[in-house]
Protein chains: 2
Amino acid sequence: MKTRSTPTPDATTTDDAAKPKAAATDRTFAILELVASASGPLAVKTIGATLGLPKPTAHRLVNSLIEKGLLARDLETRDVIIGVEAARLAVGILRASLSRAPVRSVLRAVSAELGETCNVGVLDGGDVVYLDRVEVEHWPLRLQFGVGSRVPMHCTAMGKLFLATLPDAMRSRLLASGPFSAQTAHTLTDPDALAAELQRIAARGYALDDEEYVVGVFCVAVPILSSTGRTVAAIAVQAPKVRLSHDRVEQVLPVLRRGAEALSAQFG
Amino acid sequence: MKTRSTPTPDATTTDDAAKPKAAATDRTFAILELVASASGPLAVKTIGATLGLPKPTAHRLVNSLIEKGLLARDLETRDVIIGVEAARLAVGILRASLSRAPVRSVLRAVSAELGETCNVGVLDGGDVVYLDRVEVEHWPLRLQFGVGSRVPMHCTAMGKLFLATLPDAMRSRLLASGPFSAQTAHTLTDPDALAAELQRIAARGYALDDEEYVVGVFCVAVPILSSTGRTVAAIAVQAPKVRLSHDRVEQVLPVLRRGAEALSAQFG
DNA sequence: TTCAGCGTCTCATTGAGTGAGACGTGACGC
DNA sequence: GCGTCACGTCTCACTCAATGAGACGCTGAA
């Protein structure tokens with residue numbers, strides 16, 4: 001019944017499923033998803049061709065996304081890239097998706113088993129954003145690093161973990177954007193020393209922060225992997241060094257890894 | 001320009017804000033963002049009330065988002081929570097926005113050191129476009145000049161900087177395209193005065209905006225050079241004049257220049 | 001100059017979106 | 001049991017926003 005009087009002669013291949021309806025919203029989300037999953041900037045022409053959109057329609061929808069800030073243009077090539085608003089939305093989405101009851105309990109369980117403060121974070125715009133956090137006591141750091149706060153990449157366990165698992169090109173670009181501020185006497189500020197540390201991290205699959213960001217605080221982070229094996233987030237435990245240090249790392253790793261595995265479903 | 005010839009008889013009271021527009025896509029994104037930024041599950045009623053949507057419309061849009069998997073229902077309460085597809089989309093977005101991260105982190109470092117709002121912009125079609133921005137507080141200007149917004153050339157620090165470094169032919173062409181609107185009492189509207197200012201800027205290598213665009217706002221911009229020495233972008237700091245004015249220029253310049261140098265590698 | 005490939009603009013067409021109102025339902029309170 | 005209230009669902013006529021073919025313009029290559 002939905003068969004339009006479309007003058008498509010061939011009934012073999014494109015008999016239907018093509019035109020019955022065209023919802024602007026659906027196509028808009030399809031564009032956003034396409035740009036988000038693309039490996040680089042996309043030409044509008046490519047977007048239109050991929051999604052089967054007429055030329056003016058593709059431009060109209062892309063421009064409306066650009067107006068909202070969800071997409072942007074590469075000003076050299078006029079290609080389409082993801083926008084800053086999209087990143088903001090994405091952080092909100094991941095935060096909200098972690099606050100769902102079944103997931104919440106994962107972090108709680110990990111924290112309870114370790115007896116220390118744990119958190120989940122992702123990489124956004126060159127630093128680490130905490131998506132969720134479970135605390136075990138009220139220590140001074142509490143307010144500074146709550147959910148939504150941002151910490152640097154080069155001197156935190158999560159940050160170094162993300163750096164270590166990034167594609168080579170992106171890692172070098174980020175390392176080139178330093179200098180890195182010395183937060184404590186232990187902070188790795190030398191690019192070469194940092195690069196060596198990142199190699200160690202990539203090799204063993206977890207990262208440590210030994211008073212590199214806050215004096216007296218030790219931290220262990222392991223990756224949360226997507227179904228494709230990519231590091232999309234991380235889970236970490238942090239505690240005063242008197243209670244958590246190198247000698248306990250082997251002990252906390254399995255607990256963190258179990259939590260990471262349980263959470264990975266949340267991130268696709 | 002959006003003023004339709006709506007046959008609304010009374011033009012006095014309900015001149016706007018009533019019906020003129022209702023875009024399904026906009027409202028859909030607004031719902032998604034609302035759910036993503038909410039602290040917990042939301043009732044559809046709440047969503048509708050918050051966004052000012054009629055009851056059936058709110059349900060229709062929410063349900064269409066649920067069909068896409070971007071939202072989901074809390075099985076106990078029927079409330080709306082974020083969906084698994086949204087999380088997948090979010091991960092893709094953050095990954096795609098990684099290419100902005102190097103610029104971001106430089107900008108953040110500069111902004112942190114200066115304690116003021118900083119942004120990076122380029123010239124596009126006779127306007128300055130903000131590529132990225134890091135804010136230090138929430139002041140009224142925030143929404144007006146976000147990322148992607150365009151500001152005039154003749155009355156902003158970045159714009160004058162670009163004008164000053166343009167090839168002579170193009171500069172005269174743009175100057176001839178005046179007259180220039182007087183945004184404030186300080187705006188340079190006279191082409192000759194503007195030309196003189198541009199010469200000063202070219203000579204000393206940075207530009208100032210002393211309440212020329214917004215009353216009470218002072219701004220300093222330095223160029224970001226490509227490997228060939230061409231000005232391809234600019235980095236600027238802007239602040240209320242009570243906190244930033246001529247006496248602090250010499251103080252902020254080295255910080256901006258260091259940031260510009262770090263960024264030039266990213267634009268080269 | 002010609003040509004080709006893209007982006008932009010116009011505009012008649014139409015169907016997707018809209019929202020007031022009616023109706024169904026389930027949870028209380030007494 | 002039976003109002004009452006609050007939400008969700010359904011209906012449907014209206015209409016405005018989205019649509020997309022086609023024409024046009026720009027830019028860069030041959």
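In this text, all values refer to a predicted model and were calculated from it rather than measured experimentally. Chain naming here is simple, since letters A, B, ... match the order of the sequence lines and numbering starts at 1 in each.
- Residue B:Arg78 is classed as a sugar-phosphate contact, given heavy-atom separations below 4.0 Å to backbone atoms only.
- If you take CG of B:Asp26 and P of C:dT18, they are 10 Å apart, rounded to a whole angstrom.
- Candidate nucleotides D:dG8, D:dA21, C:dC6 were compared by shortest atom distance to the side chain of B:Val44, and D:dG8 ranks first.
- Whole-Å rounding puts the A:Leu51 CG to D:dG20 P distance at 13 Å.
- One can place CZ of A:Arg27 at 18 Å from P of D:dA17, the figure rounded to the nearest angstrom.
- Proximity of A:Arg60 to the phosphate of C:dC9: no side-chain N or O atom is located under 4.0 Å from OP1 or OP2.
- A residue-by-residue look at A:Ala43 and A:Thr25 shows that A:Ala43 has its nearest nucleotide of DNA chain C further toward the 5' end.
- Side-chain contact annotation: B:Ser181 with B:Gln183, donor-acceptor N/O pair under 3.5 Å present.
- For B:Pro54, taking side-chain heavy atoms from C-beta onward, the closest of the listed nucleotides D:dT19, C:dA20, C:dG17 is C:dA20.
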Exercise. Kindly indicate, with the supporting measurements, whether the criterion salt bridge (Lys or Arg N to Asp or Glu O under 4.0 Å) is fulfilled by A:Arg104 and A:Asp132.
Key: CA-CA 8 Å; A:Arg104 202 73 207 275; A:Asp132 200 359; 2.9 Å; yes

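- Between the P atom of C:dG17 and the NE2 atom of B:His59 lies a distance of 18 Å, rounded to the nearest Å.
- For B:Asn63, the side-chain atoms get nearest to D:dT9 when compared with the rest of D:dT9, C:dT18, D:dC7.
- For the pair B:Arg27 and B:Phe29, the cation-pi test (distance below 6.0 Å, angle within 45°) is failed.
- Comparing D:dA21, C:dT18, D:dT19 by their closest approach to the side chain of A:Ala24 singles out D:dT19.
- What separates CG of A:Leu53 from P of D:dA21 is a distance of 11 Å, to the nearest Å.
- Listed candidates were C:dG7, D:dA18, D:dT19. Nearest to the side chain of A:Leu61 is D:dT19.
- In this structure, B:Glu33 does not pair ionically with A:Arg88, as no charged nitrogen and carboxylate oxygen lie closer than 4.0 Å.
- A close approach under 4.0 Å does occur between a side-chain nitrogen or oxygen of B:Thr57 and OP1 or OP2 of C:dG19.
- Here B:Arg108 pairs with A:Asp127 in a salt bridge; the nearest charged N to carboxylate O distance falls below 4.0 Å.
- The phosphate of D:dG8 (OP1 or OP2) has no side-chain N or O of B:Arg73 nearer than 4.0 angstrom.
- Put simply, the side chain of A:Lys55 and the base of C:dG7 share a donor and an acceptor less than 3.5 Å apart.
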